[in-house]
Amino acid sequence: MAYQNELTEIAINELKAHGIRPQLRDTNGGHIEIAWQVVPEKDVRKIVVAKTTSDWRSRMNTRADVRRLLRADNVSLKMSTDRPKKPEKLKVEQALSLPVEVLPIPDQVAAMRGEMADLAELVVRLVKIVTGVRDTISTYVPKPEEVKPAPASSRSIKLVEYISHDRWTNIDTLPRDTGLKPEQIKLKLQYLKNHDEVEIFRGQVKLKPPKHGEAPPKKVHWKTAQKIAREEAERVAKEKAAAKRPEKVTAKKKGPKASGAAHVAGPAFFNGATAERAT
C-alpha cells in the first residue's frame with residue numbers, strides 16, 4: 001500500500017466527490033503517483049505529489065491539478081456555490097409575527113436632546129471638579145513684577161513731522177500718533193508758536209508757509225553753535241585789546257623824546273668840556 005499524506009487526501013477527496021476511485025503507488029523517485037480513469041473510453045490521468053508537503057501552496061496546487069484534469073475529461077465539478085435557502089416555516093413565522101413598535105421621530109429627537117442635556121451637565125460638573133482639584137494641588141507662584149517701560153525722550157520726536165502745511169491737524173490726536181504726553185505736546189507747540197512756525201486755531205494746528213524771499217533758518221548742531229559763540233567771544237576780546245593798545249603806544253612815544261634830547265645834550269656838553277680842556 002502506498003504512503004498517504006495530506007496531499008493525497010486532498011486529491012482522493014476531490015475525486016470521490018465526483019464518484020471516481022483513484023489508485024496510489026510509490027514511484028522510484030520517492031514520490032506518490034495518483035492515477036484514475038473516468039470511463040474506459042477516456043485516458044488514464046495521473047498526478048505526482050511529494051511525500052512531504054512544502055507549504056500551503058502545494059495543497060492548492062494539488063487541488064487545482066485534479067480539477068484541471070477533470071475538466072479536460074468533461075466532468076462537471078460539484079461545487080456548492082448557492083446559499084442555503086431559508087425554510088418555508090421561517091418565512092411563515094416572520095409573516096405572521098406582530099410588528100415591532102417603532103418610536104416616532106419627534107420622540108426620538110426629544111430623547112436625544114434630553115440625553116445631550118444630561119451629558120452637558122455632567123461635563124460642566126466634571127470641569128468644576130477638575131478645576132477645584134487643580135487649584136488645590138498647584139502651588140502658589142507669585143506673579144512677576146511688571147517692569148514699567150522707560151519714558152520716551154521727547155527730544156527724539158520731531159513734532160513738525162506730524163503737522164502739515166495744507167491741512168489742519170487735531171491736537172488731541174498728536175499724543176496717539178507721537179506717543180508723547182499731552183503736557184509735552186503743549187510745550188512743543190508753545191515753542192513752535194513762539195518761533196512763528198505753527199498756527200493754532202480752535203484745537204487744531206497747522207504749519208505756517210515759509211515767507212517769500214526769506215530762506216528758512218538752517219539748523220545748526222549744538223556743538224557747532226558753541227564753537228561759533230566761542231570764536232565770536234575771542235574776536236570781541238581781540239578787538240577790545242586792540243582798541244586799548246594805541247594809547248599805550250602814544251604814551252611810550254612821548255617819553256623817549258625828552259629823554260632823547262637830554263641824551264643828545266649830554267654828549268654835547270661833555271664834548272664841549274673835553275674840547276675846552278683840550279684847548
Side-chain angles (χ1 to χ4, degrees), residues 1-139 141:
M1 185 176 179
Y3 177 81
Q4 293 186 6
N5 58 7
E6 187 178 1
L7 298 179
T8 57
E9 290 179 0
I10 292 173
I12 291 171
N13 293 334
E14 191 70 27
L15 293 172
K16 285 183 177 181
H18 298 84
I20 302 172
R21 185 178 180 181
Q23 295 179 0
L24 305 178
R25 76 176 186 87
D26 295 332
T27 61
N28 296 329
H31 298 291
I32 303 172
E33 183 184 66
I34 305 173
W36 73 89
Q37 189 176 13
V38 178
V39 291
E41 291 81 9
K42 298 290 184 177
D43 297 336
V44 178
R45 301 295 185 179
K46 299 177 183 179
I47 62 170
V48 178
V49 296
K51 287 186 178 181
T52 57
T53 59
S54 59
D55 55 2
W56 58 273
R57 287 175 293 185
S58 61
R59 296 189 290 271
M60 297 180 65
N61 293 335
T62 301
R63 185 180 291 108
D65 292 340
V66 173
R67 291 180 178 180
R68 177 173 53 80
L69 294 175
L70 291 175
R71 283 194 299 269
D73 292 337
N74 296 327
V75 177
S76 59
L77 302 179
K78 296 180 180 180
M79 301 173 62
S80 58
T81 57
D82 299 335
R83 295 181 179 178
K85 297 181 180 179
K86 294 183 178 180
E88 296 295 334
K89 183 179 181 181
L90 295 178
K91 292 183 180 180
V92 174
E93 291 179 357
Q94 185 177 2
L96 297 177
S97 61
L98 295 175
V100 181
E101 184 180 0
V102 180
L103 192 65
I105 294 179
D107 296 342
Q108 293 181 4
V109 173
M112 183 176 63
R113 289 179 178 175
E115 293 176 357
M116 291 179 64
D118 296 340
L119 180 61
E121 184 179 357
L122 291 174
V123 171
V124 171
R125 290 178 57 188
L126 181 61
V127 169
K128 290 182 179 179
I129 293 172
V130 171
T131 304
V133 173
R134 183 188 60 187
D135 295 341
T136 305
I137 296 176
S138 61
T139 57
V141 179

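Values reported hereafter were calculated over all heavy atoms of this structure, with side chains retained and with hydrogens, waters and symmetry mates removed. This chain uses plain numbering: 1 for the first residue, then up along the sequence.
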task = Could you list all the side-chain hydrogen bond (donor to acceptor under 3.5 Å, both in side chains) pairs where at least one residue sits in residues 31-45, not counting sequence neighbours?
result = Arg25-Glu33, Arg45-Asp73
inquiry  = Nearest 0.5 Å, please: how far is CD1 in Ile12 from CD1 in Ile20?
reply    = 13.0 Å
query = How many angstroms lie between CG in Asp65 and CD1 in Ile47, if you round to the nearest 0.5 Å?
reply = 6.0 Å
remark   = Only one of Val123, Leu122, Val124, Val130 passes side-chain contact (heavy atoms from CB on, under 4.5 Å) with Leu126, and that residue is Val130
ask   = What pairs meet the salt bridge (charged side-chain N to carboxylate O under 4.0 Å, His left out) rule with one or both residues in residues 106-129, with sequence neighbours excluded?
value = none
query = Which residues satisfy the salt bridge (charged side-chain N to carboxylate O under 4.0 Å, His left out) test with Arg63, sequence neighbours excluded?
reply = none
key: Glu9 CD to Glu6 CD distance, which is reported to the nearest 0.5 Å   = 7.5 Å
message = Would you compute the distance between atom CD1 of Ile34 and atom CD of Gln4 and round it to the nearest 0.5 angstrom?
response = 9.0 Å
inquiry  = Measuring only between side-chain heavy atoms, which start at C-beta, is Leu15 closer than 4.5 Å to Leu70?
reply    = yes
note = Looking only at heavy atoms, the pair that brings Lys46 and Ala35 closest together is CG-CB, 3.8 Å
task = Count the heavy atoms of every other residue, nucleotide or ligand shown that sit under 6.0 Å from CD of Gln23, and state whether that count exceeds 12.
result = no
Heavy-atom check, side chain of Ile32 versus side chain of Asp26, under 4.5 Å = yes
message = Taking the side chain as everything from C-beta on, heavy atoms only, tell me whether Thr8 gets closer than 4.5 Å to Asn5.
response = yes
